[in-house]
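This one's a predicted model, so the numbers in the text were calculated from it and none came from an experiment. Numbers for residues simply follow the sequence, beginning at 1.
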Amino acid sequence: MDIERTIGPVIKRVSKGFPIILLAGMRQIGKTYLLEKIKESERQYVSLDFPDQRELAKNHPDLFLQRYKPPLLIDEVQYAPELLTYIKIYVDTHKQNGLFWLTGSQKFSLMKGIQESLAGRVAILDMLGFSYREAAGQAKSVPFLPSKNIKHVSPNGINMNILDFYKIIWTGSFPRLVVQNGKNWEFFYRSYLRTYIERDIKDYQGIDDSIKFYKFIRAAAVRTGSLLNYADLARDTDIDVRTAKTWLSALERSGLVKLLYPYFNNITKRLIKTPKLYFMDTGLCAFLAGMDTPKALEASYLSGAILETWAFIEILKSYWHNGEDPAIYYYRDADQREIDFIIEKNMTLYPIEVKKTSAPVEENARQFIHLEKLKKPIGMGAVLCLRSSPLPLNRHTVAWPVWEV
């Protein structure tokens, strides 16, 4: 089953304007499969997952580029940062676009080398697992923004049973599981974590205590959608706060989690305030939390938080897979009034709430009015919920099926 990816045409278009593209994202989300599918026949493929090719790239990068000549697809380039300088030299000498396609599952670890060696030469694209729209055959989607236009929505989510929907959340977005409808779910995630810890954490990140690190990942998973509290994470994992910060940074570098910062007019103030923690795949999150069936997940304490997490990931996919990076935040004021998400677009704020209900009411959007104190234009708001079709709640807010983002 070959599912079209929204980002495919974006990669081909961007490659015509840059000598290098880097496709970043966690392991096993289909980066290499997609690039091999859309690449030209003359573009060679080499993976630094293989020890011999990695050794050549690290220790003899000049010989590596003599053996593997562009146009070239290099998989898992983070294993040989020494190669980046030689890629720069090659690009500057040949002055062509589309020379190198790179993939990396450790984006943040790569950024220093990219900023030093490849600035102005590389386009960085972020990729996640299948979006709901991609899995439903709607790869030609656009970035989500709350809108008054409720006339055209896809039929896929109409009258979706809540357990059917939670099976989608529980299954997650890794291509193998989506294509197989969740078959071998437990085996897949157990194997994924074992490979991740052994290959990326022990070998690449230098974290030796795999048992405590696994416990740490589980402690982080049950906090998805919550304010990040390093002291709590450290206490539950029997480590110190400094180690908790280091380990969470490792999860973030690997693309397994993302931190969402609060909205403030003062940009510096945003960065020093407490972020919210989100796992980037709800199936992996459910596995780590011990939810072995969709029914158990839907009925659990994690039910609302993982719905919010799923909505957040789908919003990100709608932007990232179209080659855009959304300005997205959460809102919380001094009186503890909260809004799940705010998307800032063209100096306008679009508030979004996520509710586990099929009968949303205007009260669900009551906090949106507090954004007026920010003295910025307020756009259309949305309550993402379990309705089968959109419904205006008032002049400024629409209830929207969460699977239609």
Student: Look only at the side chain of K39 and the backbone of W101, and say whether a donor-acceptor pair between them is shorter than 3.5 Å.
Tutor: no
Student: Looking only at atom types and distance, does a side-chain atom of N322 sit under 3.5 Å from a main-chain N or O of S318, one as donor and one as acceptor?
Tutor: yes
Student: Any ion pair linking K31 and E36 (charged N to carboxylate O, less than 4.0 Å)?
Tutor: no
Student: Look at the side chain of E353 and the backbone N and O of A382, then say whether any donor-acceptor pair between them is shorter than 3.5 Å.
Tutor: no
Student: For D232, is there an ion pair with R235 - N to carboxylate O distance below 4.0 angstrom?
Tutor: yes
Student: Determine, for Y278 and K258, whether the Lys NZ or Arg CZ falls below 6.0 Å from the six-membered ring centre while staying within 45 degrees of the axis.
Tutor: no
Student: May I ask you to say whether E76 pairs ionically with R27, meaning some side-chain N is under 4.0 Å from a carboxylate O?
Tutor: yes
Student: Does the distance from a Lys or Arg side-chain N to an Asp or Glu carboxylate O, for K345 and E324, drop under 4.0 Å?
Tutor: yes
Student: Looking at R218, R223, K212, which one forms a salt bridge (charged side-chain N to carboxylate O under 4.0 Å, His left out) with D236?
Tutor: R223
Student: Around atom NZ of K16, are there more than 12 heavy atoms of other residues, nucleotides or ligands at under 6.0 Å?
Tutor: no
Student: Is there a ring-ring contact (aromatic ring centres under 6.0 Å, His included) between W310 and F279? Walk through the geometry before answering.
Tutor: CA-CA 9 Å; W310 190 87; F279 253 72; over 10 Å; no
Student: Quick one about K376 and Y263 (side-chain donor to acceptor, distance below 3.5 Å, no hydrogens or angles considered), yes or no?
Tutor: yes
Student: Hey, could you give me each pair passing ring pair (Phe, Tyr, Trp, His ring centres under 6.0 Å) that has a residue in residues 226-246? Not counting sequence neighbours.
Tutor: none
Student: Does F187 have more than 12 heavy atoms from other residues, nucleotides or ligands lying within 6.0 Å of its CZ?
Tutor: no
Student: If you look at every heavy atom in K183 and L177, which pair is closest and at what distance?
Tutor: O-CD2, 3.5 Å
Student: Whether R242 and D240 form a salt bridge (side-chain N of Lys/Arg under 4.0 Å from carboxylate O of Asp/Glu) is what I want to check.
Tutor: no
Student: What do the steps show when you test L259 against L228 for side-chain contact (heavy atoms from CB on, under 4.5 Å), and what is the final call?
Tutor: CA-CA 8 Å; L259 302 184; L228 177 59; 4.1 Å; yes
Student: Got a list of side-chain donor-acceptor pairs under 3.5 Å for residues 286-298, not counting sequence neighbours?
Tutor:
unit_1: T293; atom_1: OG1; unit_2: A296; atom_2: N; d: 3.0
unit_1: E298; atom_1: OE2; unit_2: K356; atom_2: NZ; d: 2.7

Student: Do E40 and R43 meet the salt-bridge criterion of a basic N to acidic O distance under 4.0 Å?
Tutor: yes
Student: Please report the closest heavy-atom contact between A365 and V383, naming both atoms and the distance.
Tutor: CB-CG2, 4.1 Å
Student: Look only at the side chain of T237 and the backbone of L233, and say whether a donor-acceptor pair between them is shorter than 3.5 Å.
Tutor: yes
Student: Between R5 and G129 (side chain of the first, backbone of the second, donor and acceptor by atom type, cut-off under 3.5 Å), is there such a pair?
Tutor: yes
Student: Quick check: are there more than 12 heavy atoms from other residues, nucleotides or ligands sitting under 6.0 Å from CD1 of I369?
Tutor: no
Student: Would the number of heavy atoms belonging to other residues, nucleotides or ligands and lying under 6.0 Å from CZ of F50 be above 12?
Tutor: no
Student: Which heavy atom in A359 sits nearest to a heavy atom in T357, and how many Å separate them?
Tutor: N-OG1, 3.0 Å
Student: Tell me yes or no: between the side chains of T282 and T309, is some donor less than 3.5 Å from an acceptor?
Tutor: no
Student: So, T195 side chain and S191 main chain: donor-acceptor pair closer than 3.5 Å or not?
Tutor: yes
Student: Where do T246 and I207 land on the side-chain contact (heavy atoms from CB on, under 4.5 Å) test, with the steps shown first?
Tutor: CA-CA 10 Å; T246 299; I207 297 173; 5.5 Å; no
Student: Give the intermediate values and the outcome of ring-ring contact (aromatic ring centres under 6.0 Å, His included) for residues Y331 and F341.
Tutor: CA-CA 7 Å; Y331 175 82; F341 309 119; over 10 Å; no
Student: Which atom pair, heavy atoms only, marks the closest approach of V14 to A123?
Tutor: CG1-CB, 3.4 Å
Student: Spell out, as yes or no, whether a donor-acceptor pair under 3.5 Å connects the side chain of Y90 to the backbone of T85.
Tutor: no
Student: Verify the neighbour count for atom NZ of K12: are there more than 12 heavy atoms of other residues, nucleotides or ligands below 6.0 Å?
Tutor: no
Student: Spell out, as yes or no, whether a donor-acceptor pair under 3.5 Å connects the side chain of R387 to the backbone of S389.
Tutor: yes
Student: Indicate yes or no: does D92 engage R121 in a salt bridge with an N to O separation below 4.0 Å.
Tutor: yes
Student: Determine yes or no for a side-chain-to-main-chain donor-acceptor pair under 3.5 angstrom, with K317 supplying the side chain and F130 the backbone.
Tutor: yes
Student: So which atom in L307 and which in F165 form the shortest heavy-atom distance, rounded to 0.1 Å?
Tutor: CD1-CE2, 3.5 Å
Student: Would you say the rings of F64 and Y68 are close, in the sense that their centroids are separated by under 6.0 Å?
Tutor: yes
Student: Walk me through it: do D281 and Y189 pass the test side-chain hydrogen bond (donor to acceptor under 3.5 Å, both in side chains)?
Tutor: CA-CA 11 Å; D281 183 82; Y189 283 119; 3.0 Å; yes
Student: Closest approach of F144 and I315, non-hydrogen atoms and distance?
Tutor: CD2-CG1, 4.2 Å
